[in-house]
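Working notes, beginning with the structure itself.
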Amino acid sequence: MVKKLLKKQSAWLILLFALLINNNVYASNNCVEVPLVVEQFFDVAEGTEKEVDFIGEYVLKGLSENAILPESTSQDRFVFRLNGKKKDISIPLSYERAGVYCYELEQTTKDKENYIFDRQTYKITVYVKNGETGKLRAQVIVENQEGRKSGKIEFCNRYLLKSTSSSQQNLVVKTGDEQKVYIWYLAASISVCIILAMIVMKRKREKFNQVEF
């Protein structure tokens with residue numbers, strides 16, 4: 001009897017162990033990965049790369065309560081940086097349940113002189129559905145702040161030359177000086193013409209008086 005009971009208990013333990021293994025395999029297989037790619041571009045003039053700060057700060061926020069974020073997330077947001085003239089990052093998002101997950105992505109780089117940062121705000125919606133074979137499938141919809149669908153999440157920043165503003169000011173001052181010089185030149189020309197005309201008229205009068213005499 002004891003041997004039979006031990007055999008039955010062993011059989012039950014083997015069955016439970018098999019069920020646990022099957023459940024773990026099912027959970028790992030029934031997971032869908034969504035890589036969210038974010039790109040950064042800097043428009044700079046040639047020869048100015050050394051003086052440009054290419055670091056951009058970005059934030060991915062979860063708008064829905066069920067929004068999945070990377071493990072290094074602080075509260076309901078994922079903060080990251082991109083450093084480079086052309087740089088991108090792939091944010092891994094993993095989903096184990098069907099549902100609708102909503103996000104917002106924007107650049108939070110502080111404003112700096114001679115920099116123009118792309119303040120575009122993207123709305124990201126991830127639709128996770130059960131497929132025909134029981135596996136999860138995901139569809140990502142990205143919209144810009146105008147409500148238009150976008151195939152990419154990209155931020156285009158610009159760096160302006162430091163001499164741009166000063167050169168424009170010099171151009172304005174220079175233009176004003178040229179206008180003043182032109183006015184003085186015109187006035188001097190008119191004065192010279194009047195003097196020459198008076199001299200010519202005076203000589204004609206002198207000649208006329210000599211002939212009459």
Side-chain angles (χ1 to χ4, degrees), residues 28-29 31-129 131 135-172:
S28 62
N29 289 337
C31 179
V32 60
E33 300 285 342
V34 177
L36 200 63
V37 180
V38 182
E39 299 176 298
Q40 170 184 276
F41 299 93
F42 258 94
D43 182 14
V44 299
E46 294 183 1
T48 61
E49 287 84 356
K50 293 183 179 180
E51 60 186 70
V52 179
D53 183 4
F54 291 111
I55 297 178
E57 296 182 354
Y58 302 88
V59 174
L60 176 65
K61 301 177 184 177
L63 298 181
S64 56
E65 294 181 358
N66 63 340
I68 304 297
L69 291 169
E71 295 180 356
S72 59
T73 300
S74 174
Q75 297 180 353
D76 62 342
R77 60 182 59 196
F78 174 65
V79 181
F80 61 96
R81 287 186 174 188
L82 292 176
N83 185 6
K85 185 177 181 180
K86 293 181 181 180
K87 196 71 175 179
D88 63 79
I89 186 175
S90 180
I91 304 173
L93 301 178
S94 180
Y95 302 92
E96 297 181 354
R97 295 181 181 179
V100 180
Y101 306 85
C102 302
Y103 304 88
E104 182 180 82
L105 180 61
E106 62 182 353
Q107 182 173 191
T108 57
T109 310
K110 294 182 180 180
D111 291 328
K112 292 184 290 186
E113 188 178 0
N114 301 313
Y115 288 82
I116 299 177
F117 295 106
D118 189 347
R119 298 303 181 184
Q120 181 78 241
T121 300
Y122 288 96
K123 301 291 183 181
I124 304 164
T125 307
V126 181
Y127 297 91
V128 181
K129 302 179 181 179
K135 292 184 178 181
L136 295 176
R137 294 183 178 180
Q139 181 183 12
V140 182
I141 303 296
V142 179
E143 296 180 351
N144 57 23
Q145 61 187 17
E146 297 175 354
R148 298 179 181 178
K149 292 183 179 180
S150 175
K152 293 183 178 181
I153 303 175
E154 59 182 11
F155 295 87
C156 299
N157 301 322
R158 294 183 60 192
Y159 173 74
L160 305 177
L161 294 175
K162 293 182 179 180
S163 58
T164 302
S165 58
S166 60
S167 62
Q168 290 178 349
Q169 292 177 358
N170 292 336
L171 181 61
V172 173

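Counting begins at 1 with the first residue of the sequence.
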Side-chain polar contacts of residues 82-89 - donor-acceptor pairs under 3.5 angstrom, sequence neighbours left out - could you list them?
none

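- Every pair passing side chain to side chain donor-acceptor pair (under 3.5 Å) that includes a residue from residues 34-49 is listed here, sequence neighbours excluded: Gln40-Tyr58.
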- Carefully, step by step, assess Ile153 and Ile124 under the rule side chain to side chain contact (heavy atoms under 4.5 Å, CB included). CA-CA 9 Å; Ile153 303 175; Ile124 304 164; 3.7 Å; yes
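- You'll find the side chain of Glu104 reaches within 4.5 Å of the side chain of Lys123, heavy atoms only.
- Asp118 contributes no side-chain N or O that, together with a main-chain N or O of Asn157, makes up a donor-acceptor pair within less than 3.5 Å.
- Partners of Tyr127 by ring-ring contact (aromatic ring centres under 6.0 Å, His included), not counting sequence neighbours: none found.
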- Message: Checking Tyr122 against Asn144 for the side chain to side chain contact (heavy atoms under 4.5 Å, CB included) test, could you report, in this order, the C-alpha distance in whole Å, the side-chain angles of both residues, the deciding distance, and whether it holds?
- Response: CA-CA 5 Å; Tyr122 288 96; Asn144 57 23; 4.3 Å; yes
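- Every residue meeting the side-chain hydrogen bond (donor to acceptor under 3.5 Å, both in side chains) condition with Arg119, not counting sequence neighbours, appears here in chain and number order: Asp111.
- Here Glu143 does not pair with Lys149 in a salt bridge; the nearest charged N to carboxylate O distance is not below 4.0 Å.
- Side chains of Leu93 and Tyr101 form no contact here, defined as non-hydrogen atoms less than 4.5 Å apart.
- Legend: residues meeting ring-ring contact (aromatic ring centres under 6.0 Å, His included) with Tyr103, ordered by chain and number and at least two apart, are absent.
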- Message: Please evaluate residues Val52 and Tyr115 with respect to the criterion side chain to side chain contact (heavy atoms under 4.5 Å, CB included), reporting the C-alpha separation (whole Å), side-chain torsions for both, the decisive distance (0.1 Å), and the verdict.
- Response: CA-CA 9 Å; Val52 179; Tyr115 288 82; 4.0 Å; yes
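- Take Cys102 and apply the side chain to side chain contact (heavy atoms under 4.5 Å, CB included) test, not counting sequence neighbours, and it matches Leu63, Ser64, Val100, Thr125.
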